[in-house]
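Nothing fancy with the numbering, it's 1 onward along the sequence.
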Amino acid sequence: GFAELHKYMKERGLKGVGDVEYAKALNDVLFNKISDQEKAFVTDIISKGIAQDQYIQSIFEGLHGRLGKELLEIARTMAIPFSKSEVYNRTSAGVALFRQAYPMYLKQINPETNKLYTEQEAYDTMFADARTFIDNVHYAYGKPNRPLWMQSGDFTSKVLHTAYTFRGFT
């Protein structure tokens with residue numbers, strides 16, 4: 001995320017150091033030191049699935065019904081720390097981008113209206129940037145972007161998928 005934020009800032013002529021800004025967002029999200037406006041943004045990206053635990057959800061997609069109920073519950077319980085970590089990482093990336101993009105758009109001319117962006121237009125444009133940024137940093141997880149050997153859906157594929165996924169957290 002650090003390099004991606006640096007690139008975003010450089011391409012748009014924003015001042016500051018991407019690494020410092022990203023690290024501050026990580027810290028502020030961890031200790032809930034974010035503004036009300038940032039909290040509303042976080043709620044928005046979580047509710048729209050951008051900052052959800054997509055990677056963990058992809059593990060359990062299709063496993064339902066293939067494992068016993070007890071084994072599935074054990075796996076879900078074991079996945080809680082990974083799930084919370086993924087949401088935290090995606091949320092932090094979003095906040096880091098929000099802090100750069102939203103104020104930038106508020107000061108710019110909207111090319112569609114030839115007027116300054118309204119708050120809503122700035123937010124919507126920043127939100128589109130945030131979606132792309134978070135996906136670039138943490139990827140959008142789903143069946144289409146899995147390796148072919150994980151797409152078959154048979155039991156062996158699911159077991160290998162689970163092992164492969166948890167390997168990504170180590």
Side-chain angles (χ1 to χ4, degrees), residues 1-61 79-147 150 161 163-170:
F2 292 93
E4 196 70 23
L5 185 62
H6 174 78
K7 177 180 158 193
Y8 182 91
M9 292 171 67
K10 185 176 180 183
E11 287 173 350
R12 288 156 182 84
L14 297 171
K15 299 205 184 302
V17 180
D19 294 359
V20 173
E21 299 299 331
Y22 201 94
K24 181 167 178 13
L26 286 164
N27 184 67
D28 291 348
V29 169
L30 181 63
F31 293 106
N32 199 27
K33 295 181 178 180
I34 58 176
S35 70
D36 289 341
Q37 195 173 38
E38 291 167 342
K39 287 176 185 174
F41 169 71
V42 166
T43 299
D44 205 9
I45 60 173
I46 290 173
S47 70
K48 291 183 176 160
I50 299 166
Q52 288 182 350
D53 54 349
Q54 296 176 13
Y55 201 34
I56 295 300
Q57 288 178 27
S58 75
I59 294 172
F60 293 105
E61 179 186 293
I80 289 172
F82 301 107
S83 176
K84 291 195 178 298
S85 175
E86 184 177 1
V87 171
Y88 164 72
N89 287 333
R90 287 176 171 274
T91 301
S92 298
V95 169
L97 191 279
F98 176 93
R99 289 176 173 177
Q100 300 304 312
Y102 186 63
M104 174 190 71
Y105 283 120
L106 286 173
K107 297 174 189 170
Q108 289 184 354
I109 301 292
N110 182 337
E112 295 176 13
T113 63
N114 284 333
K115 297 178 183 175
L116 283 174
Y117 279 95
T118 65
E119 287 184 12
Q120 188 62 52
E121 290 168 340
Y123 183 86
D124 292 344
T125 307
M126 173 280 307
F127 194 91
D129 286 0
R131 178 186 302 271
T132 301
F133 180 79
I134 293 168
D135 285 348
N136 286 348
V137 172
H138 296 289
Y139 311 105
Y141 292 99
K143 198 169 188 172
N145 58 357
R146 295 181 190 151
M150 287 197 304
H161 175 248
Y164 179 80
T165 300
F166 279 107
R167 182 196 63 75
F169 284 100
T170 59

Closest heavy-atom contact between Ala101 and Met126?
-> CB-CG, 3.5 Å

Counting only heavy atoms not in Glu11, do more than 12 sit closer than 6.0 Å to its CD atom?
-> yes

Return yes when atom CD of Gln108 has more than 12 non-hydrogen atoms of other residues, nucleotides or ligands closer than 6.0 Å, and no otherwise.
-> yes

Identify which one of Phe2, Phe98, Tyr8 satisfies the ring-ring contact (aromatic ring centres under 6.0 Å, His included) criterion when paired with Tyr22.
-> Phe2

Considering non-hydrogen atoms only, spot the tightest contact between Phe133 and Gly1 and give its length.
-> CZ-O, 4.0 Å

Any side-chain heavy-atom pair of Arg131 and Phe127 under 4.5 Å = yes

Considering the options Thr132, Ile45, Asp129, Ile134, which one meets the side-chain contact (heavy atoms from CB on, under 4.5 Å) requirement together with Leu97?
-> Asp129

Can you see which heavy atom on Gly94 is nearest to which on Phe41, and at what distance?
-> O-CE2, 3.2 Å

Kindly write out the residues that satisfy side chain to side chain donor-acceptor pair (under 3.5 Å) with Asp28, not counting sequence neighbours, or none if the list is empty.
-> Lys24, Arg99

Any chance you could measure Leu30, atom CG, to Lys33, atom NZ, to the nearest 0.5 Å?
-> 9.5 Å

For Asp19, all residues meeting salt bridge (Lys or Arg N to Asp or Glu O under 4.0 Å), sequence neighbours excluded | none

Side-chain contact, heavy-atom cut-off 4.5 Å: Glu112 with Glu121?
-> no

Heavy atoms, side chains only, cut-off 4.5 Å: are Tyr117 and Tyr123 in contact?
-> no

How far apart are the closest heavy atoms of Ile46 and Val87, and which atoms are they?
-> CD1-CG1, 4.3 Å

How about Lys39: does its NZ atom have over 12 heavy atoms from other parts shown lying under 6.0 Å from it?
-> yes

Residues in ring pair (Phe, Tyr, Trp, His ring centres under 6.0 Å) contact with Tyr88, at least two apart in sequence or another chain = none

Measuring from Leu14:CG to Met104:CE, what's the distance to the nearest 0.5 Å?
-> 5.5 Å

Hey, could you give me the CD1/OG1 distance between Ile50 and Thr91, rounded to the nearest 0.5 Å?
-> 10.5 Å

Inter-residue atom distance Tyr105.OH - Thr118.OG1, 0.5 Å rounding | 13.5 Å

Donor-acceptor pair, side chain of Asn27 and main chain of Ala23, under 3.5 angstrom = no

Which atom names give the shortest non-hydrogen contact between Leu5 and Gly18, and what distance separates them?
-> CD2-O, 3.5 Å

To the nearest 0.5 Å, what is the distance between CD (Glu21) and NE2 (His6)?
-> 12.5 Å

For Lys115 and Asn110, run side chain to side chain contact (heavy atoms under 4.5 Å, CB included): C-alpha distance rounded to whole Å, both residues' side-chain angles, the deciding distance at 0.1 Å, then the answer.
-> CA-CA 6 Å; Lys115 297 178 183 175; Asn110 182 337; 6.0 Å; no

Atom NZ of Lys10 and atom NZ of Lys15: how far apart are they, to the nearest 0.5 Å?
-> 13.5 Å

Between Arg90 and Asp135, does a side chain to side chain contact (heavy atoms under 4.5 Å, CB included) hold up when you go through it step by step?
-> CA-CA 9 Å; Arg90 287 176 171 274; Asp135 285 348; 4.1 Å; yes

